[in-house]
Amino acid sequence: MGANPQNSDPDRVRHIHPAVWPQWPFDEPPKVNEQSEPIYNIQADTNLRIPMLDGVRLAADVYRPRAAGQKFPALLAISPYTKDLQITDVPIGQNEAGITEFWVPRGYVHIVVDSRGTNDSEGKFDNRGPIEQQDFIELIDWAASQPWCNGSVGMVGCSYFSLVMLLAAIHQPGPLKAIFPYDAWTDKYRHLYYPGGIPQTGYMWMWFSAMSNLHFASGRAKDLSGLQEMMREGLGFEYPFDGEHHWTVSPQPHIDKINIPTYFGSDWSFYWDHLPGVFAGWEGVSDIPKRMLVGPKPHPWRPFAAYHREALRWYDHWLKGMDTGVMDGPPIQLYIQGEDRWRGETEWPPARAEWKKLFLGGASGGLEGSLSENGGATGERTYVNDPMNREWRYGNPRLVYRTEPMSSQMELTGPLSMHLVARSSVEDTDWIVTLLDESPGGETRILTRGCLRASHRELDEEKTRLGRPWHPHTRSVPLKPHQEEVFEIEIVPTSNLFQPGHRVRLEISSCASAVDRVAYLDTLPIKAENTVIEGGTGSYLLASVIPR
């Protein structure tokens, strides 16, 4: 496919050879000893109604190779995103079931199903709950029993489709032989709805709006109550603390039950949603055949067609028994930003990483300071978070800390955290920490983010790891105004090579910005005077540095 996204052609996404970059998690295509070739025409059996054991019928489209009497592996794609959308070129975020024109000619059956209570499927939407999870199991069994299936089932698609994969695999249905979950958060509370305990309401509005457009106006779904309950729960903050409600629909609490080969994947720009699930999933599964890739943002982004070639290697190996070489080499492939190259790793986090503390400091006064390995004398820097100020909607004021320009390359790859020593004039405030790469000309590129609601600062010491503080988020503990506290803030892992002349830039604020992904956070609209303690006994960024 090549390594240049500008070579992509959006008019050739739905194609036997999708013009989407990347297709491989490597700088050059790997050697493939055997692979399924595109030799079949497509037969479509649309608008089927698949009965569940409780009598509800789910709407499905089945696309299979036109080959009488032959049997093939089935790839299931299940979501509330309207099966009719998944065969179109519409470039919206919900067109994520994968490219039928890629899979079916290569000898796979592509089954696209509407979740119960959405589009043409009967019943009440359960939003990945126990009833919907039972549907996953029954659909897998149904697919495996069809005369055109060889009894082996995999799953395709990204985002919601990938969450379905993980939730299904936890139940260990026999015909499900392997999965390729690309873009799947694993912890609903921490990764999506309440990162750091802060409601990610902007995301909810975006997603709920998409769901409304797909279902409320069409008149096709007969029972909208499940969708309405989902929106009321999210926008009404009905479950602001972690607990059973979130665990039931999250793969993470049960992810060690997955017993089939699993290939995790995402891109570095998805730090605000799916990316944390890749690392949590990788570390949480048991001793199974597994792979992991984290790359650049695919281009074009939708319809979802990224890494189909790599997924083909995966499924050819596990569903067809072919010698594809997919298990050769390091099990982890990371795209090193700033260098724009892929690199293999044998473990996560990288064991050879050196932990470094970059202390916040600099001359007193103003909103800008320095980042350095030399802590220096204790100081402090104060800003006023004022929701009545127009600049508040643009994430201001914010404190900005920079290293000196790099004299040589420096690579950060792995977990990160912020040890923030601070005080506030109010009982609760929000901390947003953003890490950027700043060029010699002052241009910036956001790498990742961490956040924490101050009243959620309690730590679970047993689950906390170096660079990965763990907050239980089970209650709110108000601050004592003007009393100094320590806030351990997890920053979503990243990988970036800072080139000579570039700087590590760290920003700290207490409000969301309307012009980047931090906008999704619903920060507290409370006026607060917040003070960050600097110097050797104060705040620092804990970073994972790879020796070069």
Side-chain angles (χ1 to χ4, degrees), residues 36 40 42-45 48-53 58-65 67 70-79 83 86 96-100 102-116 121 128 132-158 160-182 184 251 255 257-265 285 288-291 304 307-308 310-322 324 326:
S36 294
Y40 299 99
I42 299 173
Q43 177 171 326
D45 301 319
L48 302 180
R49 297 295 185 269
I50 302 175
M52 299 293 99
L53 292 177
L58 303 185
D61 294 338
V62 176
Y63 303 94
R64 54 192 176 91
Q70 294 189 45
K71 296 176 181 289
F72 303 94
L75 298 177
L76 264 173
I78 309 166
S79 83
K83 62 182 179 59
Q86 308 306 318
E96 298 178 330
I99 304 301
T100 302
F102 175 88
W103 289 108
V104 180
R106 290 174 169 84
Y108 289 89
V109 181
H110 193 198
I111 307 170
V112 186
V113 185
D114 286 331
S115 303
R116 68 166 56 213
S121 287
R128 298 168 289 242
E132 188 172 323
Q133 291 177 40
Q134 179 62 31
D135 289 344
F136 305 158
I137 299 169
E138 293 179 31
L139 286 167
I140 290 167
D141 289 339
W142 176 87
S145 69
Q146 297 308 298
W148 34 254
C149 183
N150 67 359
S152 293
V153 178
M155 305 182 83
V156 291
C158 68
Y160 197 107
F161 294 90
S162 285
L163 280 161
V164 168
M165 297 182 201
L166 295 173
L167 290 168
I170 284 166
H171 295 281
Q172 302 180 354
L176 187 62
K177 304 301 183 184
I179 54 175
F180 195 100
Y182 183 83
I255 205 161
K257 294 180 181 178
I258 293 178
N259 63 354
I260 57 174
T262 302
Y263 201 136
F264 295 96
V285 293
I288 59 172
K290 61 181 180 178
R291 310 288 285 186
F304 171 62
Y307 299 108
H308 275 36
E310 180 71 352
L312 179 67
R313 282 211 307 163
W314 184 250
Y315 283 132
D316 275 354
H317 178 87
W318 293 110
L319 302 188
K320 293 187 177 182
M322 300 174 73
T324 67
V326 73

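This is a predicted model, so every value here is computed, not measured.
Summarising the geometry of Lys257 relative to Ile170, their closest heavy-atom pair is CB-O, 3.7 Å, with the distance given to 0.1 Å. Between Val156 and Phe161, the closest heavy-atom pair is O-CB, 3.6 Å. Across Cys149 and Ala144, no two heavy atoms sit closer than the pair SG-CA, 3.8 Å. When every heavy atom of Gly107 is checked against every heavy atom of Pro73, the shortest pair comes out as O-CD, 3.5 Å. Taking every heavy atom of both residues into account, Ala59 and Arg49 meet most closely at CB-NH1, 3.7 Å. Considering all non-hydrogen atoms of both residues, Ala168 and Pro173 come closest at O-CD, 3.1 Å.
Checked against side chain to side chain contact (heavy atoms under 4.5 Å, CB included), Lys71 has the following partners two or more places apart in sequence or in another chain: Asn150.
By the 4.5 Å heavy-atom criterion applied to side chains, Met52 and Arg116 are counted as neighbours. The shortest side-chain heavy-atom distance between Leu163 and Pro251 falls under the 4.5 Å cut-off. When side chains are defined from C-beta on, Gln43 does not count as touching Trp148, because their heavy atoms never get closer than 4.5 Å. Looking at heavy atoms from C-beta onward, Ile78 lies out of side-chain contact with Tyr160 at the 4.5 angstrom threshold.
Without hydrogens or angle criteria, Tyr108 side chain to Asp316 main chain gives a donor-acceptor distance under 3.5 Å.
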- Intermediate values then yes/no, side chain to side chain contact (heavy atoms under 4.5 Å, CB included), Ile111 and Trp142: CA-CA 11 Å; Ile111 307 170; Trp142 176 87; 4.2 Å; yes
- Message: Could you walk me through whether Ser36 and Lys320 satisfy the side chain to side chain contact (heavy atoms under 4.5 Å, CB included) test, starting with their C-alpha distance in whole Å, then the side-chain angles of each, then the deciding distance to 0.1 Å, before giving a yes or no?
- Response: CA-CA 9 Å; Ser36 294; Lys320 293 187 177 182; 2.8 Å; yes
- Message: side chain to side chain contact (heavy atoms under 4.5 Å, CB included), that's the test. Do Leu76 and Met165 meet it? Break it down for me.
- Response: CA-CA 9 Å; Leu76 264 173; Met165 297 182 201; over 6 Å; no
- Please walk me through it: do Trp314 and Leu319 pass side chain to side chain contact (heavy atoms under 4.5 Å, CB included)? CA-CA 8 Å; Trp314 184 250; Leu319 302 188; over 6 Å; no
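Annotation: cation-pi pair Arg106/Phe102 present, NZ/CZ under 6.0 Å from the ring centroid and within 45° of its normal.
The distance between the ring centers of Tyr182 and Phe304 falls below 6.0 angstrom.
Here the OH atom belonging to Tyr263 is positioned 13.5 Å from the OG atom belonging to Ser162, to the nearest 0.5 angstrom. Distance check, rounded to the nearest 0.5 Å: CZ of Phe136 to CE of Met155 gives 7.0 Å. To the nearest 0.5 Å, atom CD1 of residue Ile140 and atom CG of residue Leu176 are 4.5 Å apart. Distance check: Asp135 CG to Ser115 OG gives 8.0 Å after rounding to the nearest 0.5 Å. How far CG of Asp114 is from NZ of Lys83: 6.0 Å, rounded to the nearest 0.5 Å. Atom CG of Leu139 is separated from atom CD of Gln134 by 10.0 Å, given to the nearest 0.5 angstrom.
Between His110 and Tyr63, the ring planes are tilted. Angles from 30° to 60° get that label. Relative ring orientation between Tyr315 and Phe180 is described as tilted, the plane-to-plane angle lying within the 30° to 60° band.
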